[in-house]
Amino acid sequence: MARLAPGRGPRPAVSCRPRPPAPRRGPPAAALLEAPVSAQDVQVDAPEAAAPAALDAAAQLHRVRHSLAHVLAQAVLELRPGSTLGFGPPIDDGFYYDFIIKGDPITDADFPAIEAAMKKFLTKGTLPFEREELAAADALARIAGMNEPYKAEYARELIEKKGLDTLTFYKTGPFLDMCDGPHVESSRELRKAGFKLKSVAGAYWRGNSNNAMMTRLYAWCFASKEELDAHVTAWREAQERDHKKLGKELDIFVIDEDIGKGLPLWLPNGTVLRDELEKLAKELEFKRGYHRVATPHLTKVGLYYQTGHMPYYESHMYPIMELKETVEGPDGKTQQVREAYCLKPMNCPHHHKIFASRKRSYRDLPLRFAEYGQCYRFEDSGALSGLLRVRGMCMNDAHIYCTEDQIHAEFLSVMDLHRDLYDILGLSNYYMRFSTWDPEDPKGAAKYVNDPEAWEKSQHLVRQAMIDSGLPFKEVKGEAAFYGPKIDVQFRTVTGREETASTNQLDFAVPARLGLEYTGADNQGHRPYVIHRAPLGTHERFIAFLIEHYGGAFPTWLAPVQVRLLTVSDRFDEYAHNIVNDLRQRHMIRAEVDLSSDRVQKKIRSAAVEKVPNVLIIGEKEVENGTVTLRRYGVEQQETLSAAAFTDRIVRSVQARSRSLLD
RNA sequence: GCCGAGAUAGCUCAGUCGGUAGAGCAGCUGAUUCGUAAUCAGCAGGUCGUGGGUUCAAGUCCCAUUCUCGGCUCCA
């Protein structure tokens, strides 16, 4: 279903010749978006055959986390008597527990007291975690006596809807919890674990906003104190890469409340990033036979009723604007005419209209329209976050109109385009998610176009293309767009959140709703398929990923300032200016001279703080010999070379979009 | 949207029990012309997010509001 995913469909390349592996420049792309702590990449393929010992350790850690969640619950109940429990599972880097807190809300000021209570429990003796299995009726009776309404609700569901005939309980000292386990045998096993409360947050019971709001306490937890410390340290370091922090420090964007939430202003440095990415994508698309188009930000809403988007999308759109106009009718009487407009939340219907703007032949297909389309979506205010979730966004959008026979090649070409882009950018910490429809989904017709045969066919086509592309992917039922299956590219942010960066969909439904057709060789009208694709997703989100990926230290081709020249004394400024003029005027290199009266040390520091990739030091020696002394960001070794040689190197590096300066 | 936390100079922050606002960096001015991550001095800069309220007195307390941040099924 149409969610807030960034882009719609991209289109395939004209010819999908195998692309040569992009030259590997520089180190092998350190994972861009390293997950902060437990960088557990999503397992796409079969989990590598882990040694039994490792599996045991993982299972034990799982039990330890789960058991400490009970200890946490116990501590909270001690501090806030009368509170009730929700779920308290182990998670990637620890565990959490949900509560309805009775009394004062829990804040992080309460953490020390909670941790102290947990530790007291762990040190005061050895208590077993006793498992007890009760038959359904007994279990329900027990739950009823526990004053745990949420546990009771879940117990009823397990028994009545899922047909379980027994439920299990775990008892630790006075604490009794309905829980599936498994748990440790005794609290002794928890003593050497390292844990630490991480945060407190609101969470709806069962994630549904119609349900009660609970208080969720998150904790980190690892097998040992050392592992915990290492994890927390890594997490803190990851926070330094946060795009919101770097975006401010490096003058990339600002969000000003007078402009509006979720509506970022792009500063000059950030605009360079956008421009360079656009240039890159335009080149790659051009080579694959895309045609560029442009469409307005505003549109009449009627279009969205025709496409069928309205029921799925209206809650994510800015309110509709009504224009009222008094016009004179043919009979001389005046009448009120109303036109309803909206800010477009997507580009697809507009591209479809371009397709429909003239009669199309099968000879025209595949036809690929691309645009950097500005769109507006009304995201929940609480969901907004830096550049990752915004209300105004620019999509690297394209739509490919093709026949059924062409889908395979076009989809492969789209995947090939992704591979190119990610290779150039050095992105590797992602996985592809193939989202299909779920015929059993209770929302059924409200969520998906009702055409089982088309679903089966289109899913088969996409799956086959993915397999042939050789890109690993994970299949997820029930996440498809309302009009067809999709392939999303999932990244993990520095804060550990998984987000969709790119999205590609096969659409078998909307073309019919807009009556799109082409004339076949048989002189009959035929319905095209549409592939929506957006390899770069939106500028906003993608640049947020890139900032975190590179930690703000962009490769030269992408860097807002590519070269900065520092003179040892202003006697050498003219020499520096000449070099800058040459770089800028003849080679379009973003070069500048630091004209401050600071000493060289300070200028070097400033350039380093701003993460300028290439710094040239100019002093007497350089001026005499016609050379420059090059310091590259993060590289200890500096070198002196002729100004011409440097120019040649940087120009080649930029042209090749190398991840480092070519040697 | 909902739960919680937060908002003080351009940035990062301090500000006690309520007594009329501070630092560092950045900026500006001057001096310094200097070879590899911070030269020195001076100046300027804040309606303490906004609006109400309590008080002799509010950055500090109360209410409302705006915005930001974290979180909102990794299920017993």
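Numbered from 1 within each chain, the chains take letters A, B, ... in sequence-line order. If you're wondering where the values come from, they're calculated on a predicted model, not measured in any experiment.
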From CG of N208(A) across to C1' of G71(B) the rounded distance in Å is 16 Å
May I ask you to decide if the ring planes of F491(A) and Y430(A) are parallel, tilted or perpendicular, using 30° and 60° as cut-offs?
tilted
Using the P atom in both, what is the distance from G52(B) to C48(B), to the nearest Å?
12 Å
Quick one: on RNA chain B, does F378(A) or I617(A) contact a more 5' nucleotide (nearest heavy atom)?
F378(A)
C1' atoms of U60(B) and G15(B), separation to the nearest Å:
9 Å
For A76(B), does either OP1 or OP2 sit under 4.0 Å from a side-chain N or O belonging to K151(A)?
no
Separation of U33(B) P from D594(A) CG (nearest whole Å)
18 Å
Could you give the distance separating G51(B) and C17(B) at their C1' atoms, to the nearest angstrom?
28 Å
Closest to side chain of R571(A), choosing from A5(B), A76(B), C34(B):
C34(B)
Of the listed nucleotides U36(B), G1(B), A38(B), the one nearest the side chain of Y204(A)
G1(B)
Determine whether any donor atom in the side chain of Q601(A) lies under 3.5 Å from an acceptor atom in the base of U39(B), or the reverse, and answer yes or no.
no
For the P atoms, the ones on G46(B) and on G22(B), what distance do you get once it is rounded to whole angstrom?
13 Å
Would you call K245(A)-E548(A) a salt bridge at under 4.0 Å N-O?
no
Counting side-chain heavy atoms from C-beta on, which of G71(B), A37(B), U33(B) comes nearest to A203(A)?
G71(B)
What does A57(B) pair with, Watson-Crick or G-U, if both distances are under 3.5 Å?
none
Please state how far atom CG in D138(A) lies from atom P in A76(B), giving the value in whole angstrom units.
22 Å
At under 4.0 Å between heavy atoms, what does V600(A) touch on the DNA or RNA strands: base, sugar-phosphate, or nothing?
sugar-phosphate
Using Watson-Crick or G-U wobble geometry with both distances under 3.5 Å, which nucleotide pairs with A38(B)?
none
Report which part of the nucleic acid R216(A) touches: base, sugar-phosphate, or nothing (heavy-atom distance under 4.0 Å, all strands).
sugar-phosphate
Does A383(A) reach a base, just sugar-phosphate, or nothing at all? Heavy atoms under 4.0 Å.
base
What is the nucleic acid contact for K603(A), judged by heavy atoms within less than 4.0 Å: base, sugar-phosphate only, or nothing?
nothing
Using a heavy-atom cut-off of under 4.0 Å over every strand shown, decide if R631(A) touches base, sugar-phosphate, or nothing.
base
Give one of base, sugar-phosphate or nothing for T215(A), where a contact means two heavy atoms less than 4.0 Å apart.
nothing
Partner of A64(B) under the Watson-Crick or G-U wobble criteria, both distances under 3.5 Å, comes out as U50(B)
Proximity to the side chain of I604(A) - top-ranked nucleotide from G35(B), U36(B), G1(B):
U36(B)
Distance check needed: C72(B) P versus Y96(A) OH, whole Å only.
8 Å
Strictly below 4.0 Å, N to O, side chains only: are E475(A) and K477(A) in salt-bridge contact?
no
If you count the non-hydrogen atoms of other residues, nucleotides and ligands that lie under 6.0 Å from CG in D138(A), is the total more than 12?
yes
Determine: side-chain N/O of S209(A) to OP1/OP2 of G1(B), distance under 4.0 Å, yes or no.
no
Integer angstrom distance from the C1' of G59(B) to that of U50(B)
14 Å
Would a distance-only check, ignoring hydrogens and angles, find a side-chain to backbone donor-acceptor pair under 3.5 Å from H243(A) to L387(A)?
yes
For E249(A), which contact category applies under a 4.0 Å heavy-atom criterion: base, sugar-phosphate, or nothing?
nothing
Please report the distance separating the P of G30(B) from the corresponding atom of A57(B), rounded so that it comes out in whole Å.
47 Å
Considering every strand and a 4.0 Å limit on heavy-atom distances, what is the contact class for G181(A): base, sugar-phosphate, or nothing?
nothing
Looking at every strand, decide which applies to F169(A) at a 4.0 Å heavy-atom threshold: base, sugar-phosphate, or nothing.
nothing
Should K602(A) be listed as having a side-chain N or O under 4.0 Å from OP1 or OP2 of C40(B)?
no
Quick check for you: among A76(B), G4(B), G1(B), whose closest atom lies nearest to any side-chain atom of P89(A)?
A76(B)
Nearest listed nucleotide, side chain of D598(A), among U33(B), C69(B), U39(B):
U39(B)
From CG of D242(A) across to P of U12(B) the rounded distance in Å is 13 Å
Only one of H183(A), E189(A), E185(A) passes side chain to side chain donor-acceptor pair (under 3.5 Å) with S67(A), and that residue is H183(A)
Between R206(A) and C72(B), is there a side-chain N or O to OP1/OP2 distance below 4.0 Å?
no
For K198(A), answer base if it contacts any base atom (sugar-phosphate contacts may also be present), sugar-phosphate if it contacts only those atoms, and nothing otherwise; contact means non-hydrogen atoms under 4.0 Å.
nothing
With sugar-phosphate meaning primed atoms plus P, OP1 and OP2, does S385(A) contact a base, only sugar-phosphate, or nothing at under 4.0 Å between heavy atoms?
sugar-phosphate
Once you apply a heavy-atom cut-off of 4.0 Å, does E622(A) come out as touching a base, just sugar-phosphate, or nothing?
base
Nearest to the side chain of D92(A), which nucleotide is it out of C74(B), U39(B), G35(B)?
C74(B)
Using a 4.0 Å heavy-atom cut-off across all strands, classify L384(A) as base, sugar-phosphate, or nothing.
sugar-phosphate
May I have the distance from Q239(A) (atom CD) to U12(B) (atom P), rounded to whole angstrom?
16 Å
Any base atoms under 4.0 Å from S606(A), or only sugar-phosphate, or nothing? Heavy atoms, all strands.
nothing
Does Y218(A) have a side-chain nitrogen or oxygen under 4.0 Å from the phosphate oxygens OP1 or OP2 of C72(B)?
yes
Check ion pair D598(A)-R605(A) (N to O, under 4.0 angstrom):
no
If the C1' atom of A5(B) is compared with that of A9(B), how far apart are they to the nearest Å?
24 Å
Determine the interatomic distance between C1' on U16(B) and the same-named atom on A21(B); round to the nearest Å.
14 Å
Between atom CD in E499(A) and atom C1' in C72(B), what is the gap in whole Å?
14 Å
Toward the 5' end of RNA chain B, by each residue's nearest nucleotide, Y633(A) or M213(A):
M213(A)
Once you measure the plane-to-plane angle for H70(A) and F129(A), does it fall in the parallel (<30°), tilted (30-60°) or perpendicular (>60°) bin?
tilted
Quick test of your reading of the model: are E610(A) and R564(A) salt-bridged, counting only N-O distances below 4.0 Å?
yes
Checking contacts here: which listed nucleotide (G4(B), G70(B), G35(B)) is nearest the side-chain heavy atoms of V200(A)?
G4(B)
Residue among Y150(A), F99(A), W205(A), Y97(A) satisfying ring pair (Phe, Tyr, Trp, His ring centres under 6.0 Å) with F87(A)
W205(A)
Of the options A31(B), G35(B), C67(B), whose atoms approach the side-chain atoms of E257(A) most closely?
C67(B)
Take the protein atom CG of N211(A) and the nucleotide atom P of C3(B), then report the distance between them rounded to whole Å.
15 Å
Considering only G35(B), C34(B), A76(B), which nucleotide approaches the side chain of H66(A) most closely?
A76(B)
